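Here is the structure we will look at.
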Amino acid sequence: MAAYVCTRSCISKFKESIRFIPRRYRVKTKWAATRPKFPATELALHNFDTSYSIQLRDLWPSVRVAMLCEQKYGALINSFSSAPNVITDLEVQGCKDFISFDCSRNEVHQSSQDSTTSHRDSTKLEPAPLQPSITPDIKCLVFPQGDISRFKPARPDSSGILGYYLLDAASVLPVLALDVQPGHTVLDLCAAPGGKTLALLQTHSVNYLWANDLSGSRTMRLRRTLQSYLPKEFMDENKILVTSTDGRQLGMTEEKRFDRVLVDVPCTTDRHSAMVEENNIFKRSRTKERQKLPLLQTQLLLAGIQATRRGGHIVYSTCSLSQLQNECVVQQAISLAQQELGITVEVEDLRWFAQRFSDTFHFAPQLCVGELVLPHLRANFGPIYMCKLHRIN
Amino acid sequence: MGTHVCKNQMVRWMWRWSVCRVAVSRGHMPYCSAQQEPHQANPSHNGQVTHRPGNQLTLCSLLEMGFSENQAKEMHEGATKSRGKHVPSVLTALLLLGLNPSSILKILQTCPEVYSLKGADMQQRIDHLRKMGLVEGSLQRMISHYPKVMLLPVKRVNMVSRLLKEKCLFTIQQVTDILRDSPEVLEEDLAELEYKFQYAYFRMGVRQPEMVKAKLFRLSLSKLRCRHCFLERRGLYQTPDKKGQTLIVNPPLKDVLCVSEETYLKQVAMATAEEFHIFRKLMAREQEEEEREDEYSSDEDEELGEDKDDDDDDGVHRGKPHWKTGYRRDKK
């Protein structure tokens, strides 16, 4: 009740400043006497029903019900925290670090498979691809399949640093796929609110990190997140740079500078759009913005490709199921990079990666490019799409 | 006709009780010797079943009614344990219904409280149910399957049927069908009963005839909600709009409610049992939290201008989802 009154008085006091707040961010839901006739969440679901039922066919009902239910979180362990028993306290509640668990289980399985198949006719089989190891430094704890327990909020240690960060566990996968090696410079093109940025820093391999986001308020949030999770010494300008600019410009200004680039583009955030009404991208007033998204995403990916050095890796990720925002964007960016910029980019096959984590996540069957984590009631993470590219020249 | 013959039989048995002194050799008969008392009682009774002072049950009378040895013994034990004072009149009323001895025994075993009833009350309640439209056949079936109905006072039955007729707008025939198919309705809390109806009517868009055909009132609200929401969230059920139209064809209610869970999952929801199990847990938690929230505030709290465009949110700042409910109970 008190909060409600406060809002009203605040708004009336700063009526002029409303002009500086974009219309869609103004708090006005309480002023409407009735609910919107067609809530944006319904428009979103209708949009999904039309496109995803064709794209996913039989899998769509299961994905739909999972997206409309409470999602599952993972606890990304903050290795900068000095609290001693963060992991064990969480493990006592029943969760496990899926990264080490899946890797130890499926690596063994993989190697045993290779040894048996090598006896067969080798001309029929493709040679098993060299499987990079997954960095052991990133730890993300999740509750087992079918367990719907929730995590308690993280508590600060003696220096005020939080022990873990709660996020969708599938969000960690693009960072794992990026495979940051020691001494690398990394660019995170659309970093806010900072979950993936934090995961990148957990690798302890980043020499220099540039985290950028277009929106000023979201960059503030990113900064606050980093402050809550990193010791003060770490926020050095020589180690981490946080900027709030248009990522598309960075392609030209920072050409060929980075070893690794993460392009986690703004998308229709399917799960969020189906559940939360406020500021929903499927609102009629945001239709143009939504329709221009694939173009924006392609431009951002191109900028990321430009900013990568020769031989560097780029990971493109979204949290949408839409082919238009996923595979189409990647393919368009690859061809544009070749035709207009003369940059050759190759897609890395991530099938081994999906196989590795198939016990924890529910991956969509064979996509033409990239991997897609589907929400399922058993493993209610995602949707997350990711695609890894190598810059050749 | 049949009841008239039965009544004569009753009179004969009552007479027999007063003079029976049979000392049966099989087993112990503690009450047979106490037959002296009824003998002194006024033999010119007027056929009224209940006005028997010192009305006591004898094993031999039970045997005469048609119970087998074992049945009679069990009946006797049950009657003594319950300390019912009018057991013979109760049995008379049940026999008048035309129930056979083994059904009567089963009724009394499932619902021992029946022993403690007064025969007149019971007869009145049974007659009232008959007035409600439960004809012979349905009435007996209902009483054998749900003996508790006889424990309920007439007033209660009236309240429930009034709710169904006036607030839920069922026809008299439909009310009878509901009582016959789902007698549990009579014991349910009236507010909850109405809520269940409103859920089906507004939230699911089902009308009265379909509700009766699907035996809606047999299911608990949570089971109903679970099965419905599972279908709805899978995209297989849509709440009809104002004109009653939907974009998809909803499965008929009886296919959703009347079938076993396996059939429901296989044919209607087309999902695995595991999915449904997890969904049930999530629904239970959602309900719990909604109830708790309704307790604390009648206003909805919105979070101020927080940007929620990204998926990897800190768990503490979870945005409150606006559930796609066309139906909300007014709590103001």
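Keep in mind the model is a prediction, meaning the values are calculated, not measured. Every chain is numbered from 1 and lettered A, B, ... according to where its sequence line falls, protein lines coming before strand lines.
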**OP:** May I ask you to check whether over 12 heavy atoms, not counting those of B:M132, lie within 6.0 Å of atom CE?
**Re:**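 More than 12 heavy atoms, drawn from other residues, nucleotides or ligands, come within 6.0 Å of this atom.
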**OP:** Count the heavy atoms belonging to other residues, nucleotides or ligands that lie under 6.0 Å from CD1 of B:I172, then report whether that count exceeds 12.
**Re:** no
Original post:
What residue in A:N380, A:L76, A:L377 has the most heavy-atom pairs under 4.5 Å with chain B?
Top reply: A:L377
Original post:
In terms of heavy-atom pairs under 4.5 Å, which option from A:M67, A:H376, A:H46, A:K152 contacts chain B the most?
Top reply: A:H376
Original post:
Are the charged groups of A:E70 and B:R233 less than 4.0 angstrom apart, N to O?
Top reply: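 No, no charged N to carboxylate O under 4.0 Å.
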Original post:
Is a salt bridge present between B:E275 and A:R378, judged by a nitrogen-to-oxygen distance below 4.0 Å?
Top reply: no
What distance do [X] atom [atom1] and [Y] atom [atom2] have between them, rounded to the nearest 0.5 Å?
| X | Y | atom1 | atom2 | result |
| --- | --- | --- | --- | --- |
| B:F279 | A:S62 | CZ | OG | 12.0 Å |
| B:K281 | A:D147 | NZ | CG | 6.5 Å |
| A:L68 | B:R234 | CG | CZ | 11.5 Å |
| A:I148 | B:L282 | CD1 | CG | 4.5 Å |
| A:S149 | B:R285 | OG | CZ | 7.5 Å |
| B:M270 | A:D58 | CE | CG | 8.5 Å |

Would you be so kind as to tabulate the donor-acceptor pairs closer than 3.5 Å made by side chains of residues 242-250 of chain B, with sequence neighbours excluded?
from: B:T246; atom 1: OG1; to: B:I248; atom 2: O; distance (Å): 2.5
from: B:N250; atom 1: OD1; to: B:Q238; atom 2: N; distance (Å): 2.9
from: B:N250; atom 1: ND2; to: B:Q238; atom 2: O; distance (Å): 2.7

Original post:
Closest heavy-atom contact between A:R150 and B:E289?
Top reply: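 What the structure gives for the nearest pair is NH1-OE2, 2.7 Å.
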